[in-house]
Every structure is written in structure tokens, then in C-alpha cells.
Amino acid sequence: MASLSTLSDLDLEKQVATLSKELAALKKAVAKRGGAYYEDGRDAASDYYAQLADRISDAMPAIRKQGRAIEKTARDHPATAAAVGLVVVGLLASLLLSRR
């Protein structure tokens with residue numbers, strides 16, 4: 001590259017114009033790639049959501065059955081259910097406070 005003292009103003013303007021065009025082309029290429037990455041990520045997230053929804057819908061009858069069994073046990077033994085609930089709340093509180 002020639003030294004700055006030998007470059008004319010026209011040469012500098014031409015170089016700046018060329019660099020501006022190259023920068024615009026690079027920006028356009030990056031925008032296209034970014035859009036493609038966004039679409040790929042969106043599609044992957046949609047696929048994961050669909051798989052998760054399928055698994056949950058398949059497991060819902062078993063979850064409901066277990067929930068009814070737990071509800072029945074809690075009705076039959078309310079004091080025990082309250083004690084277990086307090087223990088769980090205490091554990092969660094201690095976990096949250098220990099992180100601070």
C-alpha cells in the first residue's frame with residue numbers, strides 16, 4: 001500500500017467508496033445468515049415443543065391417576081398432609097435463603 005503522503009484525495013475517496021460498498025455487501029450477507037439462523041432456531045424450538053406436548057399428553061392419564069390418589073390420601077389424613085406441606089415449604093425457603 002502506498003504511503004499516505006503519495007495518495008491523492010481522489011484515491012482516498014475511491015478507497016472509501018469501495019470499502020463502503022464492501023461493508024454494505026457484508027452487512028447484507030450477515031443479515032441473510034442471521035435470518036436463516038433465527039428461522040432454524042424457531043423451527044427447532046417448535047419441534048421440541050411438539051415433542052414435549054406429545055409426551056405430556058401421553059402421560060396425562062397416569063398423572064391424573066396419581067393426582068387423585070394423592071388427593072384421596074390428603075383427605076384421609078389432613079394433619080399428615082399439612083405437616084408434609086410445611087416441610088416442603090421450609091425446604092424451599094431454606095434453599096432460597098441459602099443462595100443469598
Side-chain angles (χ1 to χ4, degrees):
M1 186 172 188
S3 69
L4 290 177
S5 61
T6 61
L7 294 176
S8 69
D9 288 340
L10 290 175
D11 289 338
L12 287 175
E13 288 177 11
K14 286 180 185 178
Q15 287 182 352
V16 168
T18 302
L19 289 174
S20 295
K21 289 178 185 177
E22 289 178 17
L23 182 60
L26 287 173
K27 285 181 181 179
K28 188 181 279 188
V30 167
K32 285 182 183 177
R33 285 187 181 168
Y37 288 140
Y38 174 76
E39 288 177 17
D40 290 345
R42 186 183 62 201
D43 291 342
S46 177
D47 290 343
Y48 289 136
Y49 177 76
Q51 290 174 1
L52 182 62
D54 288 343
R55 288 183 184 175
I56 287 176
S57 67
D58 292 342
M60 282 308 290
I63 293 170
R64 285 187 187 119
K65 184 178 179 181
Q66 289 296 322
R68 284 191 293 268
I70 292 170
E71 183 181 0
K72 183 181 181 308
T73 303
R75 279 194 206 135
D76 293 344
H77 307 286
T80 305
V84 170
L86 287 175
V87 168
V88 169
V89 169
L91 287 173
L92 289 174
S94 66
L95 285 173
L96 290 174
L97 294 175
S98 67
R99 290 186 180 185
R100 290 183 182 185

Trainee: Do Val16 and Glu13 come close enough that some side-chain heavy atom pair is under 4.5 Å?
Mentor: no
Trainee: To the nearest 0.5 Å, tell me how far Thr18 OG1 sits from Leu23 CG.
Mentor: 12.5 Å
Trainee: Quick one: NZ on Lys28 to CG on Leu26, what's the gap to the nearest 0.5 Å?
Mentor: 11.5 Å
Trainee: Roughly how far, to the nearest 0.5 Å, is CE of Met60 from CZ of Arg64?
Mentor: 4.0 Å
Trainee: What is the distance from atom NZ of Lys72 to atom NE2 of His77, rounded to the nearest 0.5 Å?
Mentor: 7.5 Å
Trainee: Can you see which heavy atom on Asp54 is nearest to which on Ser57, and at what distance?
Mentor: O-OG, 2.9 Å
Trainee: Using the side chain to side chain contact (heavy atoms under 4.5 Å, CB included) rule, pick out the option among Val87, Val89, Val88 that qualifies with Leu91.
Mentor: Val87
Trainee: Any sub-3.5 Å donor-acceptor pair from Ser46's side-chain atoms to Arg42's backbone N or O?
Mentor: no
